[in-house]
Amino acid sequence: MTSDATKTSVELPLDYYHQNFCQVLSVVQQRYGDLLSEYELGFLQKFYSASKNAQCLYVRLSGRSKSLFRLSKIQYSEIPNLSHAAIELDNLELISLSADLEIEEMLPLFTKPELIELLGISNGSKFKRSDLDAYILEQRSILTLTRLKNADTIVAVLQEEHLPTFRLCFFGNLYQDLTEFVLRDLAVYRFESYSLDTTSRQFESRKQLEQHLRFYACSMLCDETVAEGSESIVALSKALPTPLAHDYSLIRRVSRLRNRLARDLERQQHDELALNLYEKSNYPPSRERRARIYMATGKIEQSFSLCHEILQAPVDEAEAVFAQQFSQRHAKRHNKPWDPIVTTVPEVRHLELEKDRSVELDTANHLARDGTCFYVENSLFSSVLGLAIWPAIFAPVQGAFSHPFQHRPDDFYDADFKARRKDYIDDALMLQRNEPTIFKQKLLKTYTTKQGTANPLVHWQAIDETLLKKALEQIPVAHWQLVFERLLADLRNNRNGLPDLIYFPDDGGYELVEVKGPGDRLQNNQKRWMQFFHSHGIPHWVAQVSWKVEPENV
DNA sequence: ACCTTTCACCCAACC
DNA sequence: GTTTCACCCG
DNA sequence: GGTTGGGTGAAACGGGTGAAA
Ligand SMILES: [Mn+2]
Ligand SMILES: [Mn+2]
């Protein structure tokens, strides 16, 4: 096996997690020191005043999902004198070795056999774990708590509540954590070595920082709140932060959460409450949902006028398509005048295939009899664009890069992403028009040298050199450029919906094929791409697959 | 790139 | 004994 | 039968381990 070589090729230092943790603290202290609360600053003081050994223990424990541990069960080979370190942390009040705990908190720290032994529960092994816990709690015995406490020293990690603040400041989000460091160092993730913008900050005030923290708190409550019913949902919606006017990313996420909550109010038949909430959201599909609710509840005029409003200033193409089609469909029923728009239906070819793997792969296999076929979905055009405009993606634009673990520049989905990198992008596109051969060489070179490096447009696992070469050879430059323009016009919404397959017939040329199995149909984003292909003469069709019936019927 | 994204698949209601 | 799952790890 | 809306689930680093069933 060669795995031995790959395993040992990257060796992390013994204290890797401590280094990473300190790196985060130090960057945050430097960049955001003025926004930290006295408690967070106090935490830094305490942490730094501990010995390295004790710091390591704290980092280890704070990185785990629970906050309570049994001292005897904690073991890290690189931390000697564990109980010594624990006492040191206890003195600093970074952990507590004498926390006042309830039985409920203690029980999960012991295994089933341990509980049976310690509490002397006869035939306890017949219980399911959850029933055993319930049984012990039911007893309400004073002895239980003391027996458990005597069994082991319990470690309660303190001051952990500050860590999300540090993570948020460092990463700009709460879904990334210290494993980013490890995965990068193990070369599981590769990041471009872009230059960090140290002049601008994502958070300019304590207020803004707390708005983001509050948003995460709300969004974590979302699931259980929805289950509780309409009052809780409305209460949560009122607890949402009001983002600053320029904080577009938070505005968007708060709007999305509003949409989510409003959708659940709809499900619970609270149309009025849902409408109120949708009105406070400026992100699709809030207006679509409102138009649907109006129509469904007989407020015909309001529905039509909202559709009109959407068409005056659609937030995105999907919203416009909805307003047009929804109005068109309902205009007939309500005798309203409406200019119909003729939509073209893509060519459909019917195929009857043997079911083997997936409908896409089976179709690709079928087409490969007279050519070459790749299952690319959204990967091909996006990846080629990403390779072509590599320098644009990682250009040192104001506010684009704030930490080394970004899969994309912070402004990637902003409307002015293209404008702010106009020269880079124009250069790349012009090269493709004027010097297509050099363009191809350069692109293939980027493919090789940047292999695996995170780029929001490049799907490394879905492309290979054979595909790239074939595609660059068979797809005309004009077609590439048309697709690139559409992608760049709305990176968020146009990066999906591309056809499943690209087929290169032996006779030359290429065809984009969307595969549909029995019971499947074109999605809206797929229709929009097909409409686009139609109006620009880009070859495309839909493979409508049905399965050959097996001789022995099921 | 997980606070998600994206797609196929499945079911129900409507004409 | 076996499988499954959540968690932790590098 | 053809349309439409809506809901669900999988899969996103890979491997080891202890607890539960
Ligand atoms: Mn597909
Ligand atoms: Mn398909």
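Below, chains carry the letters A, B, ... as their sequence lines are ordered, and counting in each starts from 1.
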Pick base, sugar-phosphate or nothing for A:Asp185, based on heavy-atom distances below 4.0 Å to the nucleic acid.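 Since no nucleic acid heavy atom lies under 4.0 Å of A:Asp185, the category is nothing.
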Which residue is it: A:Gln211, A:Arg252, A:Arg253, A:His212? I am looking for the one with a side-chain hydrogen bond (donor to acceptor under 3.5 Å, both in side chains) to A:Asp247.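 The side-chain hydrogen bond (donor to acceptor under 3.5 Å, both in side chains) with A:Asp247 is passed solely by A:His212 among A:Gln211, A:Arg252, A:Arg253, A:His212.
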Within residues 282-291 of chain A, find the residues that approach DNA chain B with a heavy atom at under 4.0 Å, and present them sorted by residue number.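 Output list: empty, so none.
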Within residues 375-387 of chain A, which residues have any heavy atom lying less than 4.0 Å from an atom of DNA chain B?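 Of all residues in residues 375-387 of chain A, the ones placing a heavy atom under 4.0 Å from DNA chain B are A:Glu377, A:Asn378.
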Kindly indicate whether the side chain of A:Asp362, heavy atoms from C-beta on, has any atom under 4.5 Å from the side chain of A:Val545.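 No, side chains not in contact.
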Atom [atom1] of [X]: over 12 foreign heavy atoms under 6.0 Å:
| X | atom1 | result |
| --- | --- | --- |
| A:Arg190 | CZ | no |
| A:Glu228 | CD | yes |
| A:Glu104 | CD | yes |

Should the ring pair A:His540 and A:Phe533 be called parallel, tilted or perpendicular, given that the plane angle runs from 0 to 90° and is split at 30 and 60?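 Judged by the thresholds at 30° and 60°, the geometry between A:His540 and A:Phe533 is tilted.
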[atom1]-based separation of [M] from [N] [nearest Å]:
| N | M | atom1 | answer |
| --- | --- | --- | --- |
| C:dG1 | D:dA19 | C1' | 16 Å |
| D:dG9 | C:dC7 | C1' | 23 Å |
| C:dA6 | D:dA10 | P | 13 Å |

Distances under 3.5 Å only, N/O to N/O: pair up the protein atoms with those of nucleotides 9-15 of chain B.
none

Salt bridge (Lys or Arg N to Asp or Glu O under 4.0 Å) against [X], all qualifying residues, sequence neighbours excluded:
| X | answer |
| --- | --- |
| A:Arg267 | A:Asp264 |
| A:Arg408 | none |
| A:Glu160 | none |
| A:Asp356 | none |

Please list, chain by chain and in numerical order, all residues satisfying ring-ring contact (aromatic ring centres under 6.0 Å, His included) with A:Tyr503, sequence neighbours excluded.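 In terms of ring-ring contact (aromatic ring centres under 6.0 Å, His included), with neighbours along the sequence ignored, A:Tyr503 is linked to no residue.
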Would you verify whether the NZ or CZ of A:Arg184 falls within 45 degrees of the ring axis of A:Phe405 while also being under 6.0 Å from that six-membered ring's centre?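 Relative to the ring axis of A:Phe405, which defines the angle, A:Arg184 lies outside at least one limit.
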Base, backbone or nothing for each nucleotide of nucleotides 4-10 of chain C, written B, S, -, heavy atoms under 4.0 angstrom, 5' to 3'? ---SSSB
Close N/O contacts between protein and nucleotides 18-21 of chain D (under 3.5 Å):
residue: D:dA19; atom: OP1; partner: A:Lys73; partner atom: NZ; Å: 3.4
residue: D:dA20; atom: OP1; partner: A:Arg129; partner atom: NH1; Å: 2.5
residue: D:dA20; atom: OP2; partner: A:Lys112; partner atom: N; Å: 3.2
residue: D:dA21; atom: OP1; partner: A:Arg129; partner atom: N; Å: 3.4
residue: D:dA21; atom: OP2; partner: A:Arg129; partner atom: N; Å: 2.9

Do the ring centers of A:Tyr189 and A:His407 come within less than 6.0 Å of each other?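 Yes; A:His407 has its ring centre under 6.0 Å from that of A:Tyr189.
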Which residues pass the side chain to side chain donor-acceptor pair (under 3.5 Å) test with A:Tyr76, not counting sequence neighbours?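 Side chain to side chain donor-acceptor pair (under 3.5 Å) list for A:Tyr76, sorted by chain: A:Arg64.
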Between which residue ranges does DNA chain B form stems of three or more consecutive Watson-Crick or G-U wobble pairs, both distances under 3.5 Å?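 B:4-15 with D:1-12 - these are the stems of 3 or more pairs that involve DNA chain B.
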5' precedence on DNA chain B between A:Asn496 and A:Gln176 (nearest-nucleotide basis):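 Its nearest nucleotide lies further toward 5', so the answer is A:Gln176.
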